[in-house]
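Bear in mind that the values here come from a model prediction, so they are computed numbers and not experimental data. Both ligands and their constituent atoms are indexed starting at 1 by order of listing.
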Amino acid sequence: MAFSASSSFPSDAPFAASAYSPPEWAEGVLRAVPRNGRLAIANLPTPIHKIFPSSRPNANGVGSSLLQRLRDLDITLLVKRDDMTAGVELGGNKVRKLEFLLADALAGGYDSVVTIGGEQSNHCRATAAACRMVGLEPHLILRTKRANDVHAGKEDFGCTGNILFDRMVGSKIYLCTPGEYGRAGSRALVERLARYISSESSESGSSKPYQIPVGGSNGLGTWGYINAVNEIMSQTKPSTDSGIALHHVVFACGSGGTATGITLGMALAHGACGSRTLQSVSTPKVHAIGVCDNPDYFYKTVAEIADEMGLTLPDFLQCDTTETFIRQHLTAHQGKGLGYASSTQEELDFVTNFALETGIALDPVYSGKALYHFMTHILEEDPEEYRGKNVLFWHTGGALGLYDKVQDLSDMMGGVSPVQRLDIYGKDSDGSMASI
Ligand SMILES: *Cc1c(COP(=O)(O)O)cnc(C)c1O
């Protein structure tokens, strides 16, 4: 059932697409413009929070923490709160892509969506919730080592983290093993399931499924991050006196759409293709921290998505390939640590300390890993490059992934958050509340 309302308040406008016109700086350069508009299902703009320097007392600072060491370099650390794009079921970076993807699905008369991701996929969770908002049926392929055991009834699929929300909104879930995912490829699996659903043998109740690739990272979904760069440009106004110039922008990279949107957006918004020259302002350096694969893979993937967006570079740039241009405007870093969705103790310590010092929850798979690896890069490889600079960390959400790490995290909680019995009756000590 789709949300609807006949009066103007509450409005049903978010659930109907409205026309989208690209930012001026993208005109003529990104030529595959979304034709079917955009849904306004995200809560935008998201705020930018200044972590330091800050006027707030630094009471929680753990003397030698990574954050403290960054602060000692006179870095200004800003956080773009895309973890706040929506409520828990929809929030994070994926909803920006879904605004375009689901508008397209509705315009095409589709009745359902097929997408794919890891077991704790934030993308699948957000897609499922967004589908329900606009009246589409969600079908999710989830990759898990547990696929066979769950199928054999040896294990319950459970409700940990994102899975609870996938299931609460009634997604149809299909499990595959990492091996199958690797051999067939995610696009082929989505295609095959979509074909099956629309075939007569399927009893899914859906007949015309819209296919969304892993992470929503195709040429259409990525407009969400072109739009996001437009948003941050109007928030920071770098070419004005009261504005703030961003020197470095950093974020986690998984399927590459976010990286593509931010890289192209930042380059074009700062005049890289000459459509709007803001020569007084230098282009921020864009850093994508890969949480899987490797940097060469990401340069290639980002270039492919850029091509899908119809990137058309002016001749004077003399870039022989899209990838050459991407490499000029993006630095991809290795940040996968032990591997996708595996955490080291140092990473989990960092996520815990960051929450303690700032009140902001990162996630273990993406944002926490990315910021941890970027901070160690600054401190261990190149501190002087960053001294006194404005660094914006783009928080992409994902906190539900923390529930998958509860076992590891709870060992640490005793140290940061003691729990005691409220001593009302004075049984435990003389200085109890009983005497007050
Ligand atoms: C998907 C995701 C990312 C990565 O974004 P891509 O566009 O897939 O590269 C980063 N952070 C979180 C929390 C995510 O869920």
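- Residue contacts with ligand 1 include Ser217, since one of its heavy atoms falls under 4.0 Å from the ligand.
- The ligand atoms of ligand 1 that sit less than 4.0 angstrom from a heavy atom of Gly254 are 4 (C), 6 (P), 8 (O), 9 (O).
- Close approach of ligand 1 to Cys253 is summarised as follows: ligand atoms under 4.0 Å from at least one heavy atom of the residue are 9 (O).
- Of the N or O atoms in Lys97, one or more lie within a sub-3.5 Å distance of an N or O in ligand 1.
- Of all the atoms in ligand 1, the ones that sit under 4.0 Å from a non-hydrogen atom of Thr396 are 10 (C), 11 (N), 12 (C), 13 (C).
- Taking every heavy atom of Asn122 and a limit of under 4.0 angstrom, the matching atoms of ligand 1 come to 13 (C), 14 (C), 15 (O).
- For ligand 1, none of its N or O atoms has an N or O atom of His123 under 3.5 Å away.
- Residue contact check: Gly398 has heavy atoms under 4.0 Å from atoms 13 (C) of ligand 1.
- In this structure, the salt bridge (Lys or Arg N to Asp or Glu O under 4.0 Å) partners of Glu137, at least two apart in sequence or on a different chain, are Arg132, Lys172.
- Applying the side-chain hydrogen bond (donor to acceptor under 3.5 Å, both in side chains) test to every pair with at least one member in residues 362-380, sequence neighbours left out, gives these pairs: Tyr340-Tyr366, Glu347-His373, Asp363-Ser367, His377-Glu381, His377-Tyr386.
- For the pair Gly215 and ligand 1, the shortest N or O to N or O distance does not fall below 3.5 Å.
- Considering each of Ala126, Ala399, Ser255, the one bringing a non-hydrogen atom nearest atom 8 (O) of ligand 1 is Ser255.
- Contact between Ser367 and ligand 1 is absent, with no heavy atom of the residue lying under 4.0 Å from the ligand.
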